[in-house]
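This report concerns only the one structure given below.
First listed ligand is number 1; within each ligand, the first listed atom is number 1.
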Amino acid sequence: MLRSATTDDLDALVALASRPEIARTLAFDTAATLPSVFEVASGEVLVIEDGGVLVGGVRWHLTNHRSRIAEIRTLMLSPEAHGRGLATAAVRALAERLFTKHRLHRVEAEVLGFNLPAQSVFERAGFVREGIRRRAYNREGGWQDSVFFGLLADEFV
Ligand SMILES: CC(C)(COP(=O)(O)OP(=O)(O)OC[C@H]1O[C@@H](n2cnc3c(N)ncnc32)[C@H](O)[C@@H]1OP(=O)(O)O)[C@@H](O)C(=O)NCCC(=O)NCCS
């Protein structure tokens with residue numbers, strides 16, 4: 001249910017990232033910058049599929065080559081596909097891909113404090129809540145905390 005995205009997927013992924021209910025949870029420039037991250041060598045854009053149909057996307061980026069750390073970014077699912085565990089399964093599949101194929105040591109994610117569904121997804125996928133970045137982002141008319149999640153290779157079971 002997780003496959004590498006191709007440029008044919010770009011329009012669908014940008015459309016998803018532009019939906020207001022999704023855009024409010026992502027970095028503010030995600031939809032605009034998504035085309036350029038396809039060309040970044042130190043990471044990957046992936047499609048989440050359900051029964052062969054694109055229902056979402058996620059990407060990862062190598063943030064520290066020497067210490068083998070990657071960050072999961074831009075996790076998003078079409079609202080019609082919510083609540084069935086697809087996001088949790090996709091995050092677990094991506095973590096496995098990063099630890100086995102890419103031999104990473106640590107995988108991280110940052111989630112806005114008000115985004116309880118995404119926090120639940122990372123916790124269900126085995127990530128540890130590592131800290132709060134207080135009033136880090138000016139979103140939705142006020143300062144929002146963000147929550148850091150981390151998972152180590154030897155914690156992944
Ligand atoms: C985050 C997102 C990918 C989760 O997709 P999903 O298919 O609903 O995820 P899952 O079904 O795997 O899990 C959802 C979890 O959130 C929980 N949840 C849903 N709404 C919630 C709420 N308002 N408060 C608390 N938890 C909530 C569900 O109970 C479930 O947790 P559980 O497995 O412990 O029961 C999806 O909501 C989404 O695309 N949101 C917009 C984009 C986004 O937030 N991306 C993350 C950026 S960091």
Side-chain angles (χ1 to χ4, degrees), residues 1-5 9-38 40 43-64 69-99 104 106-152 155-157:
M1 49 92 74
L2 204 57
R3 65 163 171 84
S4 298
D9 301 310
L10 188 54
D11 287 351
L13 293 174
V14 169
L16 211 47
S18 304
R19 288 177 73 143
E21 66 272 43
I22 292 180
R24 67 187 280 271
T25 67
L26 304 177
F28 78 96
D29 58 351
T30 298
T33 56
L34 208 44
S36 65
V37 302
F38 267 73
V40 175
E44 193 177 14
V45 181
L46 298 153
V47 163
I48 302 170
E49 285 185 332
D50 183 28
V53 176
L54 183 154
V55 292
V58 62
R59 71 184 183 96
W60 63 272
H61 182 72
L62 190 68
T63 52
N64 188 316
I69 302 172
E71 187 178 347
I72 294 180
R73 297 178 181 167
T74 320
L75 172 66
M76 53 187 182
L77 263 191
S78 158
E80 300 73 38
H82 284 187
R84 288 193 278 129
L86 289 175
T88 304
V91 167
R92 279 196 67 79
L94 177 52
E96 181 172 23
R97 188 180 179 107
L98 294 172
F99 290 133
L104 295 187
R106 178 180 164 82
V107 178
E108 302 174 336
E110 184 180 15
V111 180
L112 283 162
F114 61 71
N115 193 352
L116 300 181
Q119 290 174 42
S120 173
V121 164
F122 283 102
E123 279 180 334
R124 290 277 273 205
F127 283 65
V128 175
R129 182 181 291 256
E130 294 184 328
I132 306 285
R133 202 161 166 227
R134 295 172 306 140
R135 292 185 227 155
Y137 298 104
N138 187 358
R139 303 290 291 267
E140 314 226 314
W143 291 107
Q144 308 295 336
D145 292 349
S146 72
V147 184
F148 278 114
F149 289 91
L151 182 63
L152 303 175
E155 292 172 339
F156 186 73
V157 284

Heavy atoms from other residues, nucleotides or ligands near CZ of Phe28 exceed 12 (cutoff 6.0 Å): no
4.5 Å side-chain heavy-atom contact, Leu2 and Leu94: yes
Under-4.0 Å heavy-atom contact between protein and atom 29 (O) of ligand 1: no
Best match, Thr88, Leu75, Thr74, Asp50: closest heavy atom to atom 45 (N) of ligand 1: Leu75
Nearest neighbour of atom 24 (N) of ligand 1 from the list Val58, Val147, Leu116, on a heavy-atom basis: Leu116
Options Ala87, Ser120, Gly57, ranked by nearest heavy atom to atom 9 (O) of ligand 1, top entry: Ala87
Nearest option to atom 14 (C) of ligand 1, as decided by whichever heavy atom of Val121, Ile72, Val111, Asn115 sits closest: Val121
Neighbour count >12 (heavy atoms, 6.0 Å) for atom CZ, Arg19: yes
Region of Gln119 that comes within reach of ligand 1 [heavy atoms, distance under 4.0 Å]: neither
Test item: Gln119 side-chain N/O and Leu112 main-chain N/O as donor-acceptor pair under 3.5 Å: yes
Nearest neighbour of atom 22 (C) of ligand 1 from the list Ala17, Pro117, Gly56, Ala118, on a heavy-atom basis: Pro117
Expected output: side-chain Arg139 to main-chain Arg24 donor-acceptor under 3.5 Å: yes
Closest protein heavy atom to atom 33 (O) of ligand 1, given as residue, atom name and distance to 0.1 Å: Arg124 NE, 3.0 Å
Stepwise side-chain contact (heavy atoms from CB on, under 4.5 Å) test for Arg97 and Leu46: CA-CA 11 Å; Arg97 188 180 179 107; Leu46 298 153; 3.6 Å; yes
Residue pair Ile48, Leu75: steps toward the side-chain contact (heavy atoms from CB on, under 4.5 Å) verdict: CA-CA 9 Å; Ile48 302 170; Leu75 172 66; 4.1 Å; yes
Short N or O distance, Gly85 and ligand 1, threshold 3.5 Å exclusive: yes
Proximity flag Ala81 to ligand 1, non-hydrogen atoms under 4.0 Å: yes
Mutual orientation of the aromatic rings belonging to Phe122 and Phe127 [parallel < 30°, tilted 30-60°, perpendicular > 60°]: perpendicular
Nearest candidate to atom 47 (C) of ligand 1, where distance is taken over non-hydrogen atoms, out of Ile48, Thr25, Val91, Thr30: Thr25
Proximal atoms of ligand 1 relative to Arg84 (non-hydrogen, under 4.0 Å): 11 (O)
N or O pair under 3.5 Å between Gly83 and ligand 1: yes
Thr63/Arg73 under side-chain hydrogen bond (donor to acceptor under 3.5 Å, both in side chains): CA gap, chis, key distance, verdict: CA-CA 11 Å; Thr63 52; Arg73 297 178 181 167; over 6 Å; no
Option whose closest heavy atom lies nearest to atom 40 (N) of ligand 1, chosen from His82, Met76, Glu110, Arg92: His82
Backbone of Trp143 reached by a side-chain donor or acceptor of Asn138 within 3.5 Å: no
From the candidates Leu112, Leu26, Leu77, the one that places a heavy atom nearest atom 39 (O) of ligand 1: Leu77
